[in-house]
Every structure is written in structure tokens, then in C-alpha cells.
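Here the structure comes first, spelled out in C-alpha cells, and everything after it is commentary.
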Amino acid sequence: MTIGERIKRIRTFRDITQGALGEALGFEAKNASVRIAQYETNYRVPKDDMILQLAEILQIHPASLRNIDGDTTLDIIESLFWLEEEKGYETINLTELEDVYEDS
């Protein structure tokens, strides 16, 4: 998932409009939604200082905006979190998973 896709996902999860996010970042009202749209479509990539501001406004850790490649435990946990948020139910019951491994 690209940084733009992650910005959009978190922004919509927080129920913030592109314009409101752009204005909170300090962009003029007439350009605010355009700038965020550019980030979300990956036309522009936010620099490190902008990522820090985005993270603060979206109330997330800055690492949550980086691309997930599935190579780390954090990537897997983050992916499971979003699966649960999008589906609206518990995606994996770890207790049931333990039972499967104990029986084998």
C-alpha cells in the first residue's frame, strides 16, 4: 500500500475531509483539498516534516504512513488492524489458532 493510499485510508477512518486536513496542515482553503488529493493519488509525496504533521493531525505514529511490505511483525499487525477495521469483526481469534497448533 502506498503512502497516499494510507493517508486516504486513515483520513477517511478519522472522518476528516481533504479540505479540513489540508487546512490543518496550513494550506490555504482554496488549495487545501487539492494538495491532499495530490498526496492521496501519489502525484506528490509528502516530505518527512509533512509526514510528522500528518501523523500528529491524524493521531497516528508516523511509521503508520510508510509503505507496508509485510516483512516485519509490525507490518503484519498493522495489516490485521486494518482488516478488522474494514470488516467490522474480529478477523483472527488467536485462542482458536492456539488450539489448532496444540492439537497437531
Side-chain angles (χ1 to χ4, degrees):
M1 178 176 296
T2 67
I3 190 168
E5 292 168 328
R6 298 186 65 68
I7 292 168
K8 183 176 182 176
R9 174 182 275 180
I10 296 166
R11 177 186 60 76
T12 56
F13 177 76
R14 295 278 189 237
D15 199 26
I16 301 172
T17 65
Q18 288 178 329
L21 179 57
E23 287 182 43
L25 288 167
F27 299 119
E28 293 180 25
K30 65 180 182 177
N31 299 325
S33 61
V34 171
R35 179 59 73 92
I36 300 305
Q38 290 173 336
Y39 288 151
E40 291 180 354
T41 59
N42 298 299
Y43 182 76
R44 286 179 174 252
V45 177
K47 295 183 180 172
D48 290 341
D49 61 328
M50 183 62 65
I51 289 173
L52 292 175
Q53 288 180 314
L54 281 162
E56 184 177 331
I57 293 165
L58 295 172
Q59 301 173 346
I60 57 171
H61 191 279
S64 298
L65 291 175
R66 67 180 170 72
N67 293 339
I68 291 181
D69 53 17
D71 290 344
T72 68
T73 304
L74 182 61
D75 291 345
I76 294 167
I77 291 170
E78 184 101 10
S79 295
L80 290 173
F81 167 79
W82 284 111
L83 277 172
E84 183 176 1
E85 288 301 320
E86 289 176 356
K87 301 299 181 187
Y89 57 86
E90 188 174 333
T91 55
I92 295 178
N93 184 328
L94 296 178
T95 306
E96 290 177 10
L97 194 56
E98 272 182 15
D99 294 342
V100 170
Y101 282 110
E102 287 177 4
D103 291 341
S104 52

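To the nearest 0.5 Å, atom CG of residue Leu21 and atom OH of residue Tyr39 are 9.5 Å apart. The distance from the OG1 atom of Thr41 to the OH atom of Tyr43 is 9.0 Å, given to the nearest 0.5 Å. Distance check, rounded to the nearest 0.5 Å: CG of Leu58 to CZ of Phe13 gives 11.5 Å. Annotation: the span from Arg44 atom CZ to Met50 atom CE amounts to 9.5 Å, rounded to 0.5 Å.
For Asp48, the CG atom counts as loosely surrounded, since its 6.0 Å shell holds 12 or fewer non-hydrogen atoms of other residues, nucleotides or ligands. Within a 6.0 Å radius of CD in Glu5, more than 12 heavy atoms belonging to other residues, nucleotides or ligands are found.
Contact record, Ala32 with Gly19: CB-O, 3.5 Å, taken as the closest heavy-atom pair. Residues Ile3 and Pro46 come closest through the heavy atom pair CD1-CG, 4.0 Å. Residue Pro62 comes nearest to Leu52 through the heavy atom pair CG-CD2, 3.7 Å, listed as atom of the first residue, atom of the second, then distance.
In this view, Arg14 satisfies the side-chain hydrogen bond (donor to acceptor under 3.5 Å, both in side chains) rule with no residue, not counting sequence neighbours. Listed by chain and residue number, Thr2 satisfy the side-chain hydrogen bond (donor to acceptor under 3.5 Å, both in side chains) test with Asn42 (two or more places apart in sequence, or in another chain).
Pairs of residues two or more places apart, or lying in two chains, that qualify as side-chain hydrogen bond (donor to acceptor under 3.5 Å, both in side chains) and include a residue from residues 16-32 are Gln18-Glu40.
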For a side chain to side chain contact (heavy atoms under 4.5 Å, CB included) check, start with the C-alpha distance between Ile10 and Leu54, then their side-chain angles and the critical distance, and finish with the verdict.
CA-CA 10 Å; Ile10 296 166; Leu54 281 162; over 6 Å; no

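In summary, of the residues considered (Leu65, Thr12, Ile51), a side chain to side chain contact (heavy atoms under 4.5 Å, CB included) with Ile7 occurs for Leu65 alone.
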